[in-house]
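Computed over heavy atoms, backbone and side chain alike; hydrogens, waters and symmetry mates excluded. Just so we're on the same page: letters track the sequence lines, and every chain starts at 1.
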Amino acid sequence: MPELPEAETVRRGLETETVGRRISRVEVTGLRSVRRHPDPGEPDRRLRGQRVQAVGRVGKFLTLAAGPEVLVVHLGMSGQLLLSDGAGPRPPHSHVVVVFEDGSELRFVDPRTFGQVFLSAGPEPGRRGRPAELAHLGFDPLTDGLPAGRFAALLRSRRTMLKALLMDQRFVAGIGNIYSDEILFAARLRYDHPASALDEEQAKALYRHLLRILRASVRLGGSSLSDMQYRDVYGRPGRYQERHLVFAREGLACTGCGGPIRRQAWGGRSTFYCPGCQIPGPGPRRG
DNA sequence: CAGATGCCCTGGGCGC
DNA sequence: TGCGCCCAGGGCATCT
């Protein structure tokens, strides 16, 4: 499930491999992947002949600037961006393929089609020229450099449960189910702890763990789960899953207390936590 | 406004 | 061996 560290790993690969290359055409075969475009031929028309200038990222979204155009990619659940020299057959579910003038290809492969590819309608005024379609996203933990005190104040103003807030892309961009569980375990806070119940020090500590874990995962190329769906642009899996302390570890011994990690259905998906180490918070105040 | 729910979609795992 | 069921979950729409 590509989250920020996986998107950042892909971004680095794209930056290395595609900046400076000229696009000769874009082949779209998966209409759902370009669902924001009423006309699926639009990406080809607008990108033809443009040279890739920069590769950016906001949360889980990737952006390729090419001439006046910005191509935005979200990997969804099962999306991959794979580089190829253009020889050999394309893998199944290659819904969008950017062909460069040397014949090499950038293939958007996405079996479950939760991901998407679209050309931005333009930059949002202010906010560092972020594509307008990404205006709703909150701060990016690795690129926006939000001071800890600001984070703590923002967090403590919300009454939402911590996990819901960490996964809320409007609050902070890039954290999903895996990293929210890992961050909350590191901070010794349970998923259902109300954000507003944290004191200043707890909120700052949570932020430190958030940054530390995302950076550590980027260093190891992100997390590939048992399905090995996540791959970088060279097709390599990540290695951060070896460092997961709670995610997908139901029944295994907690590294903190030795007790079993618990799995809880919550918000329509699985949450993993240690009942011994992670505190649930004060609960609703009475009186 | 915030929380809950359902939908989209396919491959893989599992029970029978 | 094979079929059908269920699950994985990010983002969004919709309802309360």
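In this structure, A:R112 does not reach the C:dC7 phosphate: none of its side-chain N or O atoms is under 4.0 Å from OP1 or OP2. OP1 or OP2 of C:dG11 has not a single side-chain nitrogen or oxygen of A:H136 nearer than 4.0 Å. At C:dG11, one or more side-chain N or O atoms of A:H74 fall inside 4.0 Å of OP1 or OP2 (strictly under the cut-off). Between B:dC9 and A:S78, no contact under 4.0 Å exists linking OP1 or OP2 to a side-chain N or O.
Between the CG atom of A:L75 and the P atom of C:dG10 there is a distance of 13 Å, given to the nearest Å. Note: CG (A:L134) to P (C:dG11) measures 11 Å, nearest angstrom. Taking atom CZ on A:R158 and atom P on B:dG3, their separation rounds to 8 Å, with Å as the unit. C:dC7 atom C1' lies 12 Å from atom CZ of A:F272, rounded to whole Å. Between A:M77 atom CE and B:dC9 atom C1' the separation is 10 Å, expressed in whole Å. One can place CD of A:Q169 at 4 Å from P of C:dG11, the figure rounded to the nearest angstrom. Per the geometry, CZ belonging to A:R35 stands 13 Å off C1' belonging to C:dA13, to the nearest Å. A straight line from CG of A:L165 to C1' of B:dA2 spans 12 Å, rounded to a whole angstrom.
A donor-acceptor contact closer than 3.5 angstrom links the side chains of A:S270 and A:R263.
Between atom CD of residue A:Q264 and atom CZ of residue A:R269 there is a gap of 15.0 Å, rounded to the nearest 0.5 Å.
Residue-to-nucleotide contacts include a donor-acceptor pair under 3.5 Å from the side chain of A:R269 to the base of C:dG10.
Residues A:E182 and A:R243 are not paired through a salt bridge, judged by the lack of any N-O separation under 4.0 Å between the basic side chain and the carboxylate. Salt-bridge formation is detected for the pair A:R158/A:D168: a Lys NZ or Arg NE/NH1/NH2 atom is positioned less than 4.0 Å from an Asp or Glu carboxylate oxygen.
Comparing A:T160 and A:P92, the nucleotide of DNA chain B nearest to each residue sits closer to the 5' end for A:T160. Comparing A:R263 and A:E133, the nucleotide of DNA chain C nearest to each residue sits closer to the 5' end for A:R263.
Surrounding CZ of A:R35 are more than 12 heavy atoms belonging to other residues, nucleotides or ligands, all under 6.0 Å away.
The A:P111 side chain lies nearest to B:dT10 when the options are C:dC12, B:dT10, C:dG10. Closest to the side chain of A:R32, from the set B:dC9, C:dA8, C:dG10, is B:dC9.
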